[in-house]
Amino acid sequence: KAGVTQTPRYLIKTRGQQVTLSCSPISGHRSVSWYQQTPGQGLQFLFEYFSETQRNKGNFPGRFSGRQFSNSRSEMNVSTLELGDSALYLCATSGGSTDTQYFGPGTRLTVL
Amino acid sequence: QKEVEQNSGPLSVPEGAIASLNCTYSDRVSQSFFWYRQYSGKSPELIMSIYSNGDKEDGRFTAQLNKASQYVSLLIRDSQPSDSATYLCAVNQIQGAQKLVFGQGTRLTINP
């Protein structure tokens, strides 16, 4: 099976812009979770989507949003970018009867 | 108190020795526990999951879970230089949810 894919791999944006990141899960996986990783805060949960519905949400401001499509692919959007949004954004997918999550390669976002 | 705590290290171990990584968690109702390995600049890679008290072995890796004491550990036998990485402990607090809480990670260096 192909693994989790994320696009783009690298992004450079300026403050105030918005950005959309994409995640394609492992075939058959219906749950997609998003995480932000920074040196200071480590890995933090953003939100999880399952069957096109947000099932869980972390403690991030409303500028962070996401959605999931019928083919389980997911996108996350960050509006009005701030310098502190510079991070590695990871998606992780799971499926079947297990809650084991498998991570994609991540998108490295730099906000200037 | 952080929800999931790990010694940030660095932990230095000679090649061929046993590396021992520890993790404690605060939420007593946590259900699922995971160890991930993350090489510098890469995304987390699943090493092992554990759900029940006791030991679980997979090759050179052994995970240990003690729910009464709220700790999880990972032992790496016959450590190799390729094991040098940051090891992340993750806890899924909600059964059926895909919301991992991560420790800050332990940086492990295996010295040839």
Side-chain angles (χ1 to χ4, degrees), chain A residues 3-7 9-10 21 23 25-26 29-51 53-60 66 68 72 74 87-110, chain B residues 1-10 21 23-27 29-52 56 58 61 63 65 72 74 85-107:
Chain A
V4 181
T5 58
Q6 290 187 245
T7 56
R9 293 293 311 279
Y10 302 92
L21 313 180
C23 172
I26 293 169
H29 284 193
R30 295 168 62 191
S31 170
V32 177
S33 298
W34 288 90
Y35 296 85
Q36 180 197 66
Q37 186 174 31
T38 60
Q41 299 298 317
L43 262 162
Q44 292 185 288
F45 173 80
L46 282 155
F47 32 65
E48 182 224 353
Y49 285 85
F50 180 85
S51 292
T53 301
Q54 187 180 88
R55 196 161 62 168
N56 289 287
K57 189 176 188 306
N59 297 323
F60 279 81
Q68 187 180 34
S72 295
S74 177
L88 179 66
Y89 289 88
L90 294 156
C91 82
T93 76
S94 64
S97 59
T98 176
D99 62 350
T100 301
Q101 295 187 32
Y102 297 90
F103 282 85
T107 294
R108 173 75 61 184
L109 171 66
T110 301
Chain B
Q1 181 188 8
K2 291 185 178 178
E3 293 178 273
V4 180
E5 295 205 53
Q6 295 180 254
N7 188 326
S8 62
L21 305 161
C23 169
T24 59
Y25 59 94
S26 61
D27 192 337
V29 301
S30 297
Q31 300 287 325
S32 315
F33 307 86
F34 305 88
W35 283 100
Y36 287 87
R37 175 174 64 195
Q38 187 173 26
Y39 293 111
S40 180
K42 301 294 186 182
S43 64
E45 170 192 11
L46 179 72
I47 297 175
M48 190 173 296
S49 61
I50 186 166
Y51 300 90
S52 305
K56 180 180 178 182
D58 184 358
F61 299 95
L65 174 60
V72 195
L74 180 70
T86 296
Y87 288 79
L88 297 162
C89 171
V91 176
N92 196 355
Q93 296 174 324
I94 307 172
Q95 188 171 14
Q98 306 299 341
K99 180 183 176 182
L100 294 178
V101 178
F102 283 84
Q104 285 291 100
T106 297
R107 190 154 53 93

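To find a chain, count down the sequence lines: A is the first, B the second, and so on, and within it residues start at 1. Just so we're clear, the structure is a prediction, and the values are computed from it rather than from any experiment.
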Is [X] close to chain B through its backbone or its side chain, or both, or neither, when contacts mean heavy atoms under 4.5 Å?
X        : answer
A/Gln44  : neither
A/Thr100 : both
A/Leu90  : side chain

For this session: Using side chain to side chain contact (heavy atoms under 4.5 Å, CB included) as the criterion, list what pairs up with B/Lys42, not counting sequence neighbours.
Result: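 Scan of B/Lys42 (side chain to side chain contact (heavy atoms under 4.5 Å, CB included), adjacent residues dropped) gives B/Tyr39.
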Exercise. Taking side chain as C-beta onward, heavy atoms only, is A/Ser94 less than 4.5 Å from A/Arg30?
Worked result: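 No; the side chains remain at least 4.5 Å from each other.
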Exercise. Does the cation-pi check pass for A/Arg55 over A/Phe50, that is, NZ or CZ under 6.0 Å from the six-membered ring centre and within 45° of its axis?
Worked result: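 Ring-cation test returns yes.
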For this session: Please look at B/Leu100 and chain A and tell me whether the side chain, the backbone, both or neither of the residue comes under 4.5 angstrom of a heavy atom of that chain.
Result: both
Seminar exercise, completed: Those residues at least two apart in sequence (or on a different chain) that pass ring pair (Phe, Tyr, Trp, His ring centres under 6.0 Å) with A/Tyr35 are A/Phe45, A/Phe103, B/Phe102
